[in-house]
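Step one of this worksheet: look at the structure below.
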2 protein chains.
Amino acid sequence: MLTQSEENYLKAIYALSETGGEAISTNLLAEKMATKPSSVTDMVKKLSDKGFISYQKYQGCDLTVIGKKIALEIIRKHRLWEVFLVEKLNFGWEEVHEIAEQLEHIQSPKLTDHLEEYLGFPKVDPHGDPIPDKNGLFEVLNKSIPLSELNVAEKGIVIGVEDGSSDFFQFLKRYNIGLGTEIIVAEKFSFDQSVLVKVNHTEISFSSLVSNKIFIQKR
Amino acid sequence: MLTQSEENYLKAIYALSETGGEAISTNLLAEKMATKPSSVTDMVKKLSDKGFISYQKYQGCDLTVIGKKIALEIIRKHRLWEVFLVEKLNFGWEEVHEIAEQLEHIQSPKLTDHLEEYLGFPKVDPHGDPIPDKNGLFEVLNKSIPLSELNVAEKGIVIGVEDGSSDFFQFLKRYNIGLGTEIIVAEKFSFDQSVLVKVNHTEISFSSLVSNKIFIQKR
DNA sequence: AAAAATTTTTAGACAAGGCTAAATTAATCA
DNA sequence: TGATTAATTTAGCCTTGTCTAAAAATTTTT
């Protein structure tokens, strides 16, 4: 049985290995875990001894097959609980993460499976992230694409943005657009590449500059 | 913010003070917590320093007003989750305790309140125990008594059990006894305190051990 | 390729929560 | 009441997960 801390490390390593591809450095993991590199070294040794990650001094670490399986189980629980909180308990999608961080550590496979069934075997969480099934598998279909690639009448869920400037976030906030926001393309204008979209029951026109920076998942 | 261990101690002290009335001794609490008296002394000092219990060396401890409030919040969460597990996720009433032991430590007052509303403000949990409201208040109506206190020819309805072990639940299941089951006392044997009861058209003899653990409401 | 800079690891400490063994206080019995 | 027994506390140690400071390895620079 893993401690919460061990579980959180495995989850963080999984997240980093999804984006990076290469072995995860001690410093990178320390930053992700909001802790010190020396603490990471200790934990990484322990997880390696237990067989959940591979680790060579000074060479970073990476999940083993078993470690990955466990990470996916935690992610599965996290996302199922998020669905529960939003769909059943009427939480906003922006406030569920913290609570799910706690709920993901509840140990009871039966609970997870019953919850999944109760929720109707959802494929994605309220942020649009895929939910692994019992066996740790999930659909990779949902690759994120820039909003500009969506065709008329298609819809998607905001999954991220490219530009990290606060100006841009200000702009998004102005229209109440955040992670998980649903966007439907109403019309596309080829003469200037702008798109007319429907968001939160409002129609907005986005320049191609903007529509290339907003990343969505097709629905 | 309290640790899980601190919360469990407060819960245990509350449970003991409900039955005993007097201050709770170190040994008693150690037994309840399945730990050593020396560990209890340490924890009890800490909880006293924090103002959740009153404690004088060699004199045992008792909850302060604040401590009691916290204990009731934990019990409230525990019982609400039990209702959720049984009513919504189709768990048996005998298998929810362990899972609720974990869920009761989730920190989010908003979650608790939303859950309560979602469940329709239940008054009792699946074991028949009352659920404290937001302010720590609950109805003391439905007083239940152990089956052993019933006289010959009296009947009652099962409203809860004291022992939380799965062995005991197994035993009850074997005889098809659950919440709401009607039991009639056919005979009582004073020489060993056993009772002969009629349940589901079958006669069963219960040892005093068992008849003290089954709680019923007179009918 | 040697020096400088960066990354990573080691060493030693601390707080929480538990344990064992020994000491102390309280309670009981003769 | 004094002695014995039982309950409780203290002292010291262990593990987990964290930290700081110092040492070592790796990488980058010149």
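Side chains are part of it too, since the values below use all heavy atoms of this structure and drop only hydrogens, waters and symmetry mates. Numbers restart at 1 for each chain; the letters A, B, ... are given by sequence-line order, proteins then strands.
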(request) With side chain to side chain donor-acceptor pair (under 3.5 Å) as the test, would you mind laying out the steps for N27(A) and S25(A) before giving the verdict? (result) CA-CA 5 Å; N27(A) 266 6; S25(A) 79; over 6 Å; no
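- The side chain of S38(B) places no N or O atom within less than 4.0 Å of a non-bridging phosphate oxygen (OP1 or OP2) of dT8(D).
- Across the protein-nucleic acid pair, D42(A) atom CG and dT16(D) atom P stand 11 Å apart, rounded to whole Å.
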(request) Walk me through it: do E104(A) and E7(A) pass the test side-chain contact (heavy atoms from CB on, under 4.5 Å)? (result) CA-CA 9 Å; E104(A) 72 189 5; E7(A) 289 194 346; 5.5 Å; no
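- In this entry the distance linking CE of M43(B) with C1' of dT9(D) reads 17 Å, nearest Å.
- Here S39(A) lies in heavy-atom contact (under 4.0 Å) with a base.
- Going from atom CE of M1(B) over to atom C1' of dA15(C) covers 16 Å, rounded to whole Å.
- For Y9(B) and dG18(C), the shortest distance from a side-chain N or O to OP1 or OP2 is below 4.0 Å.
- Rounded to whole Å, atom C1' of dT18(D) lies 16 Å from atom CD of Q4(A).
- S5(A) comes within 4.0 angstrom of sugar-phosphate atoms only, judged by non-hydrogen atoms across all strands, and of no base.
- Nearest-nucleotide positions on DNA chain D for K50(A) and S25(B) put S25(B) closer to the 5' end.
- As rounded to whole Å, 16 Å separates atom C1' of dT15(D) from atom CG of L2(A).
- Taking every side-chain heavy atom of T41(B) into account, dT9(D) is the closest of dT9(C), dT9(D), dG18(C).
- The CG-P distance, from L29(A) to dT8(C), rounds to 10 Å in whole Å.
- When the P atom of dA6(D) is taken as reference, atom OH of Y58(B) falls 17 Å away, rounded to whole Å.
- Checking the phosphate oxygens (OP1, OP2) of dT9(D), a side-chain nitrogen or oxygen of Y55(B) falls inside 4.0 Å.
- At dT10(D), one or more side-chain N or O atoms of K57(B) fall inside 4.0 Å of OP1 or OP2 (strictly under the cut-off).
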(request) List the steps and the verdict of side chain to side chain donor-acceptor pair (under 3.5 Å) for D62(B) and S54(B). (result) CA-CA 5 Å; D62(B) 206 359; S54(B) 58; 5.7 Å; no
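- Distance E31(A) CD to dT8(C) C1': 16 Å, rounded to the nearest Å.
- With salt bridges taken as basic N to acidic carboxylate O contacts below 4.0 Å, one links E116(A) and R76(A).
- Relative to the side chain of K36(B), the nucleotides dC19(C), dT9(C), dG18(C) differ in distance, and dC19(C) lies closest.
- Residue N27(A) has no polar side-chain atom (N or O) positioned under 4.0 Å from OP1 or OP2 of dT6(C).
- Other residues, nucleotides and ligands place more than 12 heavy atoms under 6.0 Å from the NZ atom of K50(B).
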